[in-house]
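Side chains included, hydrogens not; waters and symmetry mates left out as well; all remaining heavy atoms used. Just so you know, these numbers come straight off a predicted model, no measurement behind them.
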Amino acid sequence: MRTLYRSVVVKRELSSKVIMAGEAFDIIVVGSCMTDLVSQAPRLPKAGETIHGHKFFIGFGGKGANQCIQAARLGVRTIMVCKVGKDFFGDNYIQNFKDNGVHTDFIRQTSDAATGAASITVNQSGENTIVIVGGANLLLGSEELQDMLPFIHRAKVVLCQLEIRPETTLQALRMARNAKVKTIFNPAPATPDLDPEFYRLTDVFCCNETEAELLTGSSVSSVDDAHKAAEEFLRRGCGAVIITLGPQGCVVLHDQESTPKHVPAPKVSAVDTTGAGDSFIGALAFFVATRPSLPLEEMALRANQVAAVSVQAVGTQTSFPHRRELPEWLFSD
């Protein structure tokens with residue numbers, strides 16, 4: 001009887017995969033899921049210092065998941081490829097994806113590690129510090145990537161970061177390149193010894209000023225500095241580069257132009273900047289997938305508008321806007 005039941009389950013799973021094989025998804029995100037443990041305090045503590053905070057809450061985070069959720073909220077069909085623990089946080093995260101319209105067939109659960117977690121402290125100016133523990137994210141590997149291979153060929157964008165094992169991210173980018181699918185790579189958390197192949201496999205390389213500093217070894221504190229860093233990344237093999245500069249907007253450079261372009265950000269009063277970069281990249285992936293004829297700097301301008309909304313509310317994914325909350329001109333061709 002037990003064998004018969006198992007046979008029926010396997011057949012149902014195979015049938016589900018056959019049905020799904022006819023579906024097409026615009027964006028595939030290969031990356032991380034983190035449970036955010038957020039403390040709000042008047043200021044960020046110094047090394048060795050204990051301070052009183054005034055609020056604590058638990059939320060959904062992880063760069064891959066954040067970017068996926070923001071793209072989905074703008075109205076694009078997304079797949080999340082990730083690994084979570086067989087625990088309370090993992091179960092909740094899968095439901096969160098479903099609630100946001102993200103396809104979850106490629107989310108795996110493991111008993112070998114807990115769902116990843118991020119400890120976040122936010123000060124009253126909206127600045128933050130973050131410590132992440134990868135957990136189950138670090139067990140995502142080749143087997144899970146092979147499962148999604150049939151869908152890559154029909155995707156428009158594959159989006160990756162560095163909160164999972166670098167070799168897994170590289171494999172995902174290689175698979176996308178072989179399938180002639182656009183790649184967006186966010187090298188975060190950045191590492192100074194990034195494998196050179198990451199640059200060559202990336203159509204749009206998107207990082208913030210801190211990550212650009214770490215990757216180039218040079219200060220990136222101004223628009224001019226970002227111009228130089230973008231040129232360096234282009235020399236390393238990227239198709240295009242976007243360096244975000246917080247309230248200063250971003251710098252855009254692609255291999256068809258010799259001069260970087262500065263795209264200003266809208267002026268807003270930031271409440272919490274946690275996840276703003278992920279909101280930007282998720283929105284960017286949306287525009288690359290759905291408005292491919294737009295110039296890259298126009299896509300960046302529109303992504304800036306989306307991220308500017310996110311910093312005006314507390315939390316990470318809870319601050320990400322839905323399409324209905326944004327001006328319609330953002331979605332014009």
- Note on the structure: Contacts of Leu214 meeting side-chain contact (heavy atoms from CB on, under 4.5 Å) (sequence neighbours excluded), chain-then-number -> Ala190, Pro192
- Are the side chain of Arg108 and the backbone N or O of Leu140 linked by a donor-acceptor pair below 3.5 Å? no
- Query: With no hydrogens and no angle check, is any side-chain donor or acceptor of Ser125 less than 3.5 Å from a backbone partner on Glu127?
  - Reply: no
- Verify whether one side chain among Gln70 and Asn66 offers a donor that lies under 3.5 Å from an acceptor in the other. no
- Task: Under the side-chain contact (heavy atoms from CB on, under 4.5 Å) rule, collect the residues that match up with Glu197, sequence neighbours excluded.
- Result: Leu170, Arg174, Asp195, Arg200, Leu201
- Sequence-distant partners of Thr121, side-chain hydrogen bond (donor to acceptor under 3.5 Å, both in side chains), two or more places apart: none
- Gln95 side chain vs Asp91 backbone, donor-acceptor pair below 3.5 Å: no
- Task: Spell out, as yes or no, whether a donor-acceptor pair under 3.5 Å connects the side chain of Glu213 to the backbone of Ser218.
- Result: no
- Message: What verdict does the side chain to side chain contact (heavy atoms under 4.5 Å, CB included) test give for Asn304 and Leu301, after you've listed the backbone C-alpha separation in whole Å, the side-chain angles of each residue and the deciding distance to 0.1 Å?
- Response: CA-CA 5 Å; Asn304 267 343; Leu301 183 147; 5.6 Å; no
- Message: Whether the side chain of Thr169 engages the backbone of Gln161 through a donor-acceptor N/O pair (distance < 3.5 Å, no angle test) should be reported.
- Response: yes
- Query: Any donor and acceptor pair, going by atom type alone, linking the side chain of Asn186 with main-chain N or O of Cys206 inside 3.5 Å?
  - Reply: yes
- Query: Do Gln317 and Asn96 meet the criterion of a side-chain donor-acceptor pair at a distance under 3.5 Å?
  - Reply: yes
- Run the side chain to side chain contact (heavy atoms under 4.5 Å, CB included) check on Leu74 and Leu326 step by step: do they pass? CA-CA 9 Å; Leu74 297 180; Leu326 296 163; 3.5 Å; yes
- Message: Tell me if the aromatic rings of Tyr93 and Phe97 count as close, with their centers under 6.0 Å from one another.
- Response: yes
- Can any side-chain N or O of Asp203 pair as donor or acceptor with the backbone N or O of Thr183 at less than 3.5 Å? yes
- When you check the gap from the basic side-chain N to the acidic O, do Arg236 and Glu232 get nearer than 4.0 Å? yes
- According to the side chain to side chain donor-acceptor pair (under 3.5 Å) rule, which pairs have a member within residues 237-256, sequence neighbours left out? none
- Query: Between Ser111 and Lys86, is there a donor-acceptor pair closer than 3.5 Å when you use the side chain of the first and the backbone of the second?
  - Reply: no
- Assess the side chains of Asp224 and Ser222: does a donor N or O sit below 3.5 Å from an acceptor N or O? no
- Message: Looking at His322, is its backbone amide N or carbonyl O close enough to the side chain of Glu325 to form a donor-acceptor pair, meaning the two atoms are under 3.5 Å apart?
- Response: yes
- Only counting residues at least two apart or in another chain, list the ones meeting side-chain contact (heavy atoms from CB on, under 4.5 Å) with Leu149. Gln146, His153, Met175
Do any side-chain atoms of residues 29-51 form donor-acceptor pairs under 3.5 angstrom with protein atoms, and if so which ones, sequence neighbours left out?
| unit_1 | atom_1 | unit_2 | atom_2 | d |
| --- | --- | --- | --- | --- |
| Ser32 | OG | Lys63 | N | 3.3 |
| Ser32 | OG | Gly64 | N | 3.4 |
| Ser32 | OG | Glu163 | OE1 | 2.4 |
| Asp36 | OD2 | Thr316 | OG1 | 3.1 |
| Arg43 | NH1 | Glu49 | OE1 | 3.1 |
| Arg43 | NH1 | Glu49 | OE2 | 3.4 |
| Arg43 | NH2 | Glu49 | OE2 | 2.5 |
| Glu49 | OE1 | Lys46 | N | 2.8 |

- Task: Measure from the side-chain N and O atoms of Asn137 to the backbone N and O of Gly134, and report whether any donor-acceptor pair falls under 3.5 Å.
- Result: yes
- With ring-ring contact (aromatic ring centres under 6.0 Å, His included) as the test, would you mind laying out the steps for Phe286 and Phe331 before giving the verdict? CA-CA 10 Å; Phe286 168 85; Phe331 304 97; 5.7 Å; yes
